[in-house]
Structures are given as C-alpha cells and as structure tokens.
Number of protein chains: 2
Amino acid sequence: MTCALEYAPQLRARGYRMTPQRMAILHVLRHAETHLSPAEIYKKARLEAPGLTEPTVYRTLEFLADIALVRPSFSSSGHLTYEMAGNDHHHIVCRDCGGEVEVEHTLLESLYRLLETTSGYRSINSHVTFFGVCPNCQAK
Amino acid sequence: MTCALEYAPQLRARGYRMTPQRMAILHVLRHAETHLSPAEIYKKARLEAPGLTEPTVYRTLEFLADIALVRPSFSSSGHLTYEMAGNDHHHIVCRDCGGEVEVEHTLLESLYRLLETTSGYRSINSHVTFFGVCPNCQAK
DNA sequence: TAAGTTGTTGTAAAAACTTGCAATAAGGAT
DNA sequence: ATCCTTATTGCAAGTTTTTACAACAACTTA
C-alpha cells in the first residue's frame, strides 16, 4: 500500500492532496493485472480504506484520469474501466467472446500525427478500443 | 415516419420483426443531425410511439447496433450515444470544451488492415472516438 | 383470414452512476 | 505545534441504465 505514496509529490506539486482513499485506489490499480470496473475497484479498495464510499470511487477515478495517472477505457459493453497509465497500449476486443489483445501504441503513432495535422486538434493521445472478431471465433 | 419502413425487409430477412417502437426510434435517428443519447431518443420517439418505455429504447438501440443499422459512439463524458450507420466516420472530441469534428474513415483504413494483420482479428471496423484539444481551447 | 410460434414489449424492481452540500482533514503558513 | 484555507469526503437523494418475467403482437403457415 505504501507504493502509492510515491504519487503524493506529483499530486501536491499540482495543488492536489494525497488521501487514504486515493492511496487505496491507486494501490489496487497498481497491482491489477488488467483494467477494472469501478465496482471491482470499490470492492477491493474498501478493504484497504474502510469507510470508502462509491461516489468517492467514481470521483477519484475521474480525477486520476484527468491528471493522467490512470487511463479510462471502454469495455465491450460500453462501460468504463480503468488501469494505471504508462505502458501505453490499446485494445482489440472480440465482438463474440469478449476476449482481447493489446496493441502497441507505436502502431497508432503516425495516425495520431496525421489526425493532428488534418484536424488542428493537439495532444491526441487517448486510449482506443477496437472491436473485431478473434481467430477463435472466426472458426465457428 | 414511413421512411423507417424500408428497414422492415432487412429485419424480416434475418428473422426479426418491425414494430412501431423500432419504427419510431429509426425515424428519430434518420432525421437527427448528430448522434443522440438514449434519453434524447426516448423523448423524441415517444411522440411517435406513445407508450414507448425507456427499457425498450435501451434494448432497441443495442439491438440495432448489433445488426449494424445504427452505430454507437462515446460522448466525451463516456456515455453512449447513437446515430444511423452508413457514412462511416469517426470523431475527435475536445477534452476542454467538448466540441467535436468528424474524421473520414479512409484515414483509418490502412491502420485497420495493419491491425488485422498483426493481431489475427478480422472485421475490425468499429467507430472510434479520439480525444484531444481543439484549436480554440489551445489558445487559452 | 384465422391460429400458432416466438420475437418484443411493458412492468416493476434492482443495480449502476451522478449530484449537492455540509462536514472533514491535508498540507501550507505562522 | 497550532491555525487556516480549501481540496476532498461522506451522506442522502436523484437520475440513468439494466434485468427478469409475464403479457403481447408481428409474422408465418395453413
């Protein structure tokens, strides 16, 4: 749980505060294999920070996403899930079975630059979830 | 409203049915300038199909998306919105003001082929919403 | 044109998510 | 150490989205 302490300076430098609730949520995400739904995060983080409430989880996740410490991504059902930022990658989710693979960000890099050029928008760096049919389900 | 009747054969051919509720929802989407939230669709479609309920709107939209008649996309707040399929394009949404522009699908075409090659997934053709900062908000 | 099959809908209730606001507590200043 | 400011939380209530299931009605067949 102390591992989350290393984020405290980052928060303070930007005028925010480190709290037990944020520690717990960061800790859960740090040790998650994959992205988690708010409900899953709530369930786990509550063990580390008793008294934690659901609204706080939702607000904290949105906050952490705003300051780019965590990254939101969409599940195949359209719901938001979260994972730690860094190790930038994207997902391809199977429309049939829901299985997913990661896509290296480098594959999208040139597209992002192209989009910036053609649209005038800057800092395009969002996580993207693509949908397709995986090799297994193609066989059926 | 009769314009929605042209979808009836498509539905029947696949074992589904055309209903007043589906007519109303398709009609609303056909005449929408942009993508709409389930709540907006409910509000408008209810005028054409009295008795229409919210669960039906949600189910119908999911159904229409499944059979690729309409296309889901994510608003900047992470909520699902819907629009008629066809005229394939993607969106870039401004993280600050929420303003958005369309991106032609042709810009993504080669990326999609590349993803299919590297991942083994097929039929990757999902709508994608990118997030960035628009020219206006860059000025601030 | 009537009857049967089964895809669809409405109802009711639950689950997921959001909002406003007063109370709390993190971290800078004294 | 203690006080102050204000970011952050919990509470309570609201809104949105989902689910289960019985009733219904669209289409097929005869």
Side-chain angles (χ1 to χ4, degrees), chain A residues 2 4-26 35-46 48-67 69-70 72-82 98, chain B residues 2 4-26 35-46 48-67 69-70 72-82 98:
Chain A
T2 50
L5 259 178
E6 69 190 64
Y7 299 107
Q10 293 184 57
L11 294 186
R12 295 199 193 103
R14 302 179 60 176
Y16 306 118
R17 296 170 186 175
M18 179 53 82
T19 67
Q21 293 85 348
R22 287 178 181 173
M23 292 259 287
I25 289 169
L26 282 167
H35 31 117
L36 301 173
S37 70
E40 291 166 331
I41 294 166
Y42 170 61
K43 209 169 134 193
K44 296 186 183 208
R46 193 172 36 168
E48 319 237 10
L52 179 69
T53 62
E54 275 161 314
T56 297
V57 171
Y58 284 101
R59 279 180 301 210
T60 299
L61 290 171
E62 195 177 347
F63 164 75
L64 293 173
D66 276 348
I67 64 172
L69 268 187
V70 308
S73 77
F74 296 107
S75 73
S76 50
S77 57
H79 287 156
L80 275 174
T81 60
Y82 294 86
Chain B
T2 49
L5 259 178
E6 71 191 62
Y7 298 107
Q10 292 184 59
L11 294 187
R12 294 199 193 105
R14 302 180 59 179
Y16 305 118
R17 297 172 184 173
M18 179 53 82
T19 67
Q21 293 86 346
R22 287 178 179 172
M23 291 261 287
I25 289 169
L26 282 167
H35 32 117
L36 301 172
S37 70
E40 291 167 329
I41 293 166
Y42 171 60
K43 208 169 135 193
K44 296 186 183 208
R46 193 173 36 168
E48 319 236 9
L52 178 69
T53 62
E54 275 161 316
T56 296
V57 172
Y58 283 99
R59 279 180 303 212
T60 300
L61 290 172
E62 195 177 348
F63 164 75
L64 293 173
D66 276 348
I67 64 172
L69 268 187
V70 308
S73 77
F74 296 108
S75 71
S76 50
S77 56
H79 286 155
L80 275 173
T81 60
Y82 294 85

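Chain letters run A, B, ... following the sequence lines, proteins first, then strands; residues in each count from 1.
- Using a 4.0 Å heavy-atom distance criterion, A/Gln21 is classed as a sugar-phosphate-only contact.
- The side-chain contact (heavy atoms from CB on, under 4.5 Å) test with A/Tyr82 singles out one residue from A/Leu36, A/Ile25, A/Ile41, and that residue is A/Ile41.
- Taking 4.5 Å as the limit, some side-chain heavy atom of A/Phe63 sits within range of a side-chain heavy atom of A/Arg22.
- The aromatic rings of B/Phe74 and A/Phe74 sit parallel to each other, their planes meeting at less than 30°, with 60° as the upper class boundary.
- Within the structure, every side-chain polar atom (N or O) of A/Thr56 is placed at least 4.0 Å from both OP1 and OP2 of D/dT9.
- Summarising the geometry, the separation between NZ on A/Lys43 and P on C/dA15 is reported as 14 Å, rounded to the nearest angstrom.
- What separates CD1 of A/Ile25 from P of D/dT8 is a distance of 13 Å, to the nearest Å.
- The side chain of A/Thr53 sits closest to D/dC11 out of D/dT19, C/dT9, D/dC11.
- Side-chain atoms of A/Arg59 come within donor-acceptor range of the base of D/dG10, with a qualifying N/O pair under 3.5 Å.
- Nearest nucleotide to the side chain of B/Tyr16, out of D/dA26, C/dT8, C/dA16: C/dT8.
- At a threshold of 4.5 Å between non-hydrogen side-chain atoms, the residues A/Leu11 and A/Arg17 do not count as touching.
- In terms of position along DNA chain D, the nucleotide closest to A/Gly15 lies nearer the 5' end than the nucleotide closest to the other residue of the pair B/Ala39 and A/Gly15.
- In this structure, CG of B/Leu5 is placed 12 Å from P of D/dA26, rounded to the nearest angstrom.
- Heavy atoms from other residues, nucleotides or ligands lying under 6.0 Å from CD of B/Glu62 number 12 at most.
- The interatomic distance linking A/Glu40 (CD) with C/dC17 (C1') rounds to 16 Å, in whole Å.
- Here the side chain of B/Glu54 is nearest to one of C/dT18, D/dT8, D/dT17, namely D/dT17.
- Nucleotide C/dC17 holds its P atom 12 Å from the CG atom of B/Leu80, rounded to whole Å.
- Rounded to a whole Å, the CZ atom of B/Phe63 is 13 Å from the C1' atom of D/dA26.
- The side chain of A/Arg22 sits closest to D/dT8 out of D/dT8, C/dT9, D/dT17.
- For A/Arg17, the listed nucleotide lying nearest its side chain is D/dT8; candidates were D/dT8, D/dG10, C/dT11.
- Projected onto DNA chain C by closest heavy-atom contact, B/Pro55 and B/Leu11 fall at different nucleotides, the more 5' of which corresponds to B/Leu11.
- Of the candidates D/dC27, D/dA26, D/dT8, the closest approach to any side-chain atom of B/Thr19 belongs to D/dA26.
- A/His79 has a side-chain polar atom (N or O) that falls below the 4.0 Å cut-off from OP1 or OP2 of D/dT18.
- Protein atom CE of B/Met23 is 16 Å distant from nucleotide atom P of D/dA25, rounded to whole Å.
- Straight-line distance from the CD1 atom of B/Ile41 to the P atom of D/dT17: 10 Å, rounded to whole Å.
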